[in-house]
K.L.:
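First, the structure itself, so that you have it in front of you.
Numbering of residues begins at 1 and proceeds along the displayed sequence. Only heavy atoms go into these numbers, but all of them, side chains included; no hydrogens, no water, no symmetry mates. Ligands are counted one by one from 1 in listed order, and the atoms in each one are counted from 1 as well.
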Amino acid sequence: MSERIGFITRVQSFSACHRLHSKSLSDEENKRIFGKCNNPNGHGHNYTVEVTVRGKIDRNTGMVMNLTDLKECIEEAIMKPLDHKNLDLDVPYFADVVSTTENLAVFIWESMVKLLPPDSLHEIKIYETDRNIVVYRGE
Ligand SMILES: Nc1nc2c(c(=O)[nH]1)N=C([C@H](O)[C@H](O)COP(=O)(O)OP(=O)(O)OP(=O)(O)O)CN2
Ligand SMILES: [Zn+2]
């Protein structure tokens, strides 16, 4: 029998605040483009992230990857740097990168990919709100 490929997902929520503001735009452009999200004192979100890993279902363990190991990687790559943080002030990556959910997904991808087996990370999906959802697959 050929090897079977599976996808496993772990869900993690965290809270953070941010302000959408680009240093490469004028104050007027920032206000026009980002609107209320450009509020100087920021605003908060309860983000939910889905981390999906792809791989062979091991014949002996029955697992693509042990979800307990994935949980530990998520703790390092997501919770420690991001939970209860001001993304723009506390996370050096966002000093010159606008803290949109797209860029947050890229940050999480780049942090997770360093901790996971090669070529195993499939997708980062972030729910900024129930209605604002971003997917990034490392392309
Ligand atoms: N492409 C993107 N657009 C926006 C992002 C983003 O990350 N990527 N982020 C925001 C803001 O962070 C904002 O907090 C979201 O605002 P809004 O869509 O108005 O969400 P609300 O929950 O306040 O409004 P609902 O109408 O209840 O959805 C904006 N754009
Ligand atoms: Zn926001």
K.L.:
With side chains defined as the heavy atoms from C-beta onward, is the minimum distance between V49 and I108 less than 4.5 Å?
P.N.:
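When only atoms from C-beta onward are counted, I108 and V49 do touch, with a gap below 4.5 Å.
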K.L.:
Taking N38's backbone N and O only, do any of them form a donor-acceptor pair with R19's side chain (distance below 3.5 Å, no angle check)?
P.N.:
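A pair under 3.5 Å: yes.
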K.L.:
Compile the protein residues with any heavy atom at a distance under 4.0 Å from an atom of ligand 1; present them by chain, then by number.
P.N.:
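Its neighbours under 4.0 Å (heavy atoms only) are H18, L20, K36, C37, H43, H45, T100, T101, E102, E128, T129, R131, N132, given by chain and number.
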K.L.:
Which residues and atoms, protein N, O or S only, are under 2.8 Å from the Zn ion (ligand 2)?
P.N.:
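Result, waters dropped: H18 NE2, H43 NE2, H45 NE2.
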K.L.:
Please walk me through it: do Y47 and L82 pass side-chain contact (heavy atoms from CB on, under 4.5 Å)?
P.N.:
CA-CA 10 Å; Y47 293 95; L82 301 176; over 6 Å; no
K.L.:
Under 3.5 Å, is there a donor-acceptor pair between the side chain of K85 and the main chain of K80?
P.N.:
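A pair under 3.5 Å: yes.
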K.L.:
Counting heavy atoms not belonging to D130, are there more than 12 under 6.0 Å from its CG?
P.N.:
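At most 12 heavy atoms, drawn from other residues, nucleotides or ligands, come within 6.0 Å of this atom.
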K.L.:
Does a side-chain heavy-atom distance below 4.5 Å link C17 with L87?
P.N.:
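Heavy-atom side-chain distance check fails, nothing below 4.5 Å.
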K.L.:
Donor-acceptor check, side chain of N103 to backbone of S99, threshold 3.5 angstrom: yes or no?
P.N.:
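Side chain of N103 to backbone of S99, a donor-acceptor pair under 3.5 Å: no, none is there.
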K.L.:
Can D88 and H18 be counted as having a side-chain donor-acceptor contact under 3.5 angstrom?
P.N.:
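Absent: no donor and acceptor within the cut-off.
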K.L.:
Less than 4.5 Å apart, side chain to side chain, heavy atoms only: is that true for M79 and F14?
P.N.:
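With C-beta onward as the side chain, the pair touches.
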